[in-house]
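This report refers to the structure that appears directly beneath it.
Numbers for residues simply follow the sequence, beginning at 1. Counting convention: from 1, in listed order, for ligands and their atoms alike.
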Amino acid sequence: MIVMKFGGTSVQDSEAIGRVAQIVKGRLTDRPVVVVSAMSKVTDSLLAMGKAAGAGDRKGALKLARALRERHYETAGELLGTALFTEFHSELGADFEDLDELLRGIGAVGEITPRTYDYVAAFGEMLSSKIVAAAFVAHGLPGTHVDSRQCLVTDANYTRAVPQFEETNQRLQKKVKPLLDAAKVPVMGGFIGSTRAGVTTTIGRGGSDFSAAIFGAGLDAERIEIWTDVDGMMTTDPRLCPDARRIKVISFDEAAELAYFGAKVLHPATVLPAIQKNIPVYVLNSLNPTCEGTKITARGPRCTNIFKAIALKKKTTIVDVAAPRRLLVHGYLKSIFDVFNDHEVSVDVVATSEVSVSLTVETNEQIPALASDLAKIADVKYEGRKAIICLVGENLRDTPGMAAKVFGILEDVKIRMISQGASEINLTFVIEEDEAAEVVRRLHREFFAEVDPEVFA
Ligand code: ADP
Ligand code: ASP
Ligand code: MG
């Protein structure tokens, strides 16, 4: 069997879903499980509704919900035709009634918790997966909807719940495998799961890729296909650099580093389940389905280019923690990291000196509270509007002088932090956010003017 995951833009309207049906039709003999994201922008909109309701703006929240209802009805209507849609209408209607009721409840309390946010956010994938399953039937495919919340078991860490693999795999074998054996095409929402007690959770923004990989690993897929709106993993974000090249083959390690440092095309956790079972992952374009895309596999071929790609992660804040020398005793770093841990803020880049530690975190609302806790043990400064740039390539391991080459062409750029992870396949540095796009373009021109045709298209 295989897993085919379609992202938000790939299911954004009836035309896109029609394309998905055609693509899946072409793969029927591979026995696909289809995983879908919410229709594009729907998760953002659901979170905005939750926020509005939580702030007591019930009217505003319900207005957003109405727009969402109309968009889904319109899409379903166009896909299903009158007869099928009439049947399906009441099912969708019941979900939208639930959503409205939930928003009224949140509005009445005037507060929204992470647990409730997850309940609201889950509507996106729940609705899209039901519509896509029904659309498959309308297109003559044996589509059948499976509620992912009954398969993906997670802990109760709402908004970024952690999958519990053993139980998830058992549920997949029990609920999804028999459908495949009966020649059905299961259609499941990504991103959503539930705790053992059955409370709805989500596994983090962009997490549908991760869901696809979890399902693929749990069902022993031959491959996992991530269908999106670009030709594959590219040498950098094509929105930033229109002349970015497609990477034909890349290793799991390289892809993971790129994803971690901002290449949004793949959720950073996606490769973990794939590595465990050594399942190749393909990134493919639903708007250009004949393109070969990118194959992510255990070992990439030798490559004459030093780097495979450049990733950019904006919205980064540098936190500088300085301590008087006498405090630099054993356990000091631990006490700093404990504070980050207590605030559930994860650190991306670290650099230390004898008296100070600089760390970067994704810019978020918790930073002032984090800083005030850090201030109890050291002097703290923080500064937002930074960006992380990360160059990735396995050849970095055995190419001396690489850093000099990179920084040599950035002589006029103020570099705030530099790091090379222990994986030895990335070179990472932090600069001002508003200079980042230009720096990426400059590096791209330098390192990808010529490319190895074996590895890049
Ligand atoms: P989906 O909704 O299908 O999950 P995403 O928006 O999450 O799609 O990811 C696809 C986007 O990732 C592309 O449109 C592209 O702008 C962006 N992107 C960032 N870095 C890269 C890269 N190195 N290669 C390809 N796409 C990238
Ligand atoms: N819909 C979710 C999000 O927007 C998950 C995903 O699309 O991967 O974050
Ligand atoms: Mg995505």
Side-chain angles (χ1 to χ4, degrees), residues 4-12 16 19-20 35-48 68 117-118 120-129 148 152 159-161 188-193 201-214 225-248 250 254-270 281-288 291 293-294 296 307-314 388-393 436-437 440 443-444 448 456-457:
M4 305 174 78
K5 177 260 170 178
F6 294 88
T9 40
S10 301
V11 295
Q12 65 181 355
R19 268 195 302 271
V20 167
V35 179
V36 292
S37 287
M39 294 169 74
S40 67
K41 312 244 160 58
V42 165
T43 310
D44 288 338
S45 164
L46 285 162
L47 294 175
L68 205 72
Y117 259 126
D118 271 358
V120 174
F123 276 88
E125 269 70 8
M126 218 167 58
L127 291 162
S128 65
S129 54
S148 296
L152 182 49
T159 75
R160 46 185 156 170
M188 308 174 71
F191 181 56
I192 59 177
T201 54
T202 67
I203 59 171
R205 293 304 306 270
S208 293
D209 299 335
F210 189 22
S211 299
I214 295 165
E225 298 182 346
I226 305 293
W227 290 84
T228 182
D229 59 357
V230 284
D231 273 346
M233 286 197 99
M234 318 282 285
T235 48
T236 192
D237 188 341
R239 276 185 235 184
L240 213 63
C241 238
D243 54 353
R245 312 286 287 259
R246 172 167 62 92
I247 306 167
K248 294 200 269 191
I250 192 166
E254 290 169 322
E257 294 279 355
L258 284 170
Y260 184 76
F261 285 109
K264 189 187 167 218
V265 63
L266 206 67
H267 183 279
T270 312
V281 177
Y282 291 79
V283 179
L284 298 156
N285 188 353
S286 69
L287 295 161
N288 185 17
C291 176
T294 299
I296 309 171
F307 299 116
K308 291 275 170 52
I310 309 170
L312 165 62
K313 188 167 179 172
K314 288 188 172 178
I388 303 174
I389 293 183
C390 177
L391 295 116
V392 173
V440 170
L443 291 168
H444 194 268
F448 296 98
F456 303 93

| Does some side-chain heavy atom of Leu152 sit less than 4.5 Å from a side-chain heavy atom of Met188? | no
| query | Do Lys308 and Phe456 meet the cation-pi criteria used here (NZ or CZ under 6.0 Å from the six-membered ring centre, within 45° of the axis)? | reply | no
| said: Is there a polar contact, in the sense of an N or O pair closer than 3.5 Å, between Thr235 and ligand 1? | reply: no
| note | min-distance protein heavy atom vs atom 2 (O) of ligand 1 -> Gly8 N, 3.1 Å
| Within-4.5 Å side-chain heavy-atom neighbours: Met233 and Leu258 | yes
Mind listing the N or O contacts between ligand 2 and protein, cut-off under 3.5 Å?
{"residue": "ligand 2", "atom": "1 (N)", "partner": "Thr43", "partner atom": "OG1", "Å": "2.7"}
{"residue": "ligand 2", "atom": "1 (N)", "partner": "Glu125", "partner atom": "OE2", "Å": "2.6"}
{"residue": "ligand 2", "atom": "4 (O)", "partner": "Thr43", "partner atom": "OG1", "Å": "3.3"}
{"residue": "ligand 2", "atom": "4 (O)", "partner": "Arg205", "partner atom": "NH2", "Å": "3.0"}
{"residue": "ligand 2", "atom": "7 (O)", "partner": "Ser37", "partner atom": "OG", "Å": "3.0"}
{"residue": "ligand 2", "atom": "8 (O)", "partner": "Gly206", "partner atom": "O", "Å": "3.4"}
{"residue": "ligand 2", "atom": "8 (O)", "partner": "Gly207", "partner atom": "N", "Å": "3.4"}
{"residue": "ligand 2", "atom": "8 (O)", "partner": "Ser208", "partner atom": "N", "Å": "3.0"}
{"residue": "ligand 2", "atom": "8 (O)", "partner": "Ser208", "partner atom": "OG", "Å": "3.2"}
{"residue": "ligand 2", "atom": "9 (O)", "partner": "Arg205", "partner atom": "NE", "Å": "2.6"}
{"residue": "ligand 2", "atom": "9 (O)", "partner": "Arg205", "partner atom": "NH2", "Å": "3.4"}
{"residue": "ligand 2", "atom": "9 (O)", "partner": "Gly206", "partner atom": "N", "Å": "2.8"}

| task | Decide whether an N or O pair under 3.5 Å exists between Ser37 and ligand 1. | result | no
| If you measure from the Lys or Arg side-chain nitrogens to the Asp or Glu carboxylate oxygens, is any gap between Asp209 and Lys5 under 4.0 Å? | yes
| Out of curiosity, Leu443 CG to Phe307 CZ, how far, rounded to the nearest 0.5 Å? | 8.0 Å
| query | When only distance counts, is Pro238 in polar contact with ligand 1, meaning an N/O pair under 3.5 Å? | reply | no
| query | Of the protein's non-hydrogen atoms, which lies at the shortest distance from atom 3 (O) of ligand 1, and what is that distance? | reply | Thr228 OG1, 2.8 Å
| field | Short N or O distance, Lys5 and ligand 1, threshold 3.5 Å exclusive | value | yes
| query | Quick one: nearest non-hydrogen protein atom to atom 21 (C) of ligand 1, plus distance? | reply | Asp237 CA, 3.7 Å
Could you tabulate the donor-acceptor pairs under 3.5 Å formed by side-chain atoms of residues 240-248, not counting sequence neighbours?
{"residue": "Arg245", "atom": "NE", "partner": "Ala457", "partner atom": "O", "Å": "3.0"}
{"residue": "Arg246", "atom": "NH1", "partner": "Gly293", "partner atom": "O", "Å": "2.7"}
{"residue": "Lys248", "atom": "NZ", "partner": "Pro453", "partner atom": "O", "Å": "2.8"}

| said: Do Asn288 and Asp231 pair up side chain to side chain, a donor and an acceptor below 3.5 Å, judged on atom types alone? | reply: yes
| The single option from Asp237, Thr236, Thr235 passing side chain to side chain donor-acceptor pair (under 3.5 Å) against His444 | Thr235
| Identified side chain to side chain contact (heavy atoms under 4.5 Å, CB included) partner of Ser211 from the options Ile203, Val36, Ile192 | Ile203
| What atoms in ligand 1 come closer than 4.0 Å to a heavy atom of Met233? | 24 (N)
| Which of the numbered atoms in ligand 1 are below 4.0 angstrom from a heavy atom of Arg239? | 11 (C), 13 (C), 14 (O), 16 (O)
| Short N/O distance, under 3.5 Å, between Met234 and ligand 1? | yes
| query | Ignoring hydrogens and geometry, is there a side-chain-to-backbone donor-acceptor pair from Ser128 to Gly124 under 3.5 Å? | reply | yes
| Just by distance, with hydrogens left out, do Ser208 and His267 show a side-chain donor and acceptor under 3.5 Å apart? | no
| Gly232 near ligand 1, heavy-atom distance under 4.0 Å? | yes
| What distance separates Ile226 CD1 from Ile296 CD1, expressed to the nearest 0.5 Å? | 7.5 Å
| request: Consider only side-chain N and O atoms of Thr202 and Asp118, and report whether a donor and an acceptor are under 3.5 Å apart. | output: yes
| query | In the protein, which heavy atom is nearest to atom 13 (C) of ligand 1, and how far is it? | reply | Asp229 OD1, 3.5 Å
| said: Heavy atoms only: which of Val265, Asp231, Ile310, Thr236 lies closest to atom 27 (C) of ligand 1? | reply: Val265
| said: Looking only at protein heavy atoms, which one is nearest to atom 6 (O) of ligand 1, and what is the separation? | reply: Lys264 NZ, 2.9 Å
| Does the N or O separation between Ser10 and ligand 1 drop below 3.5 Å for any pair? | no
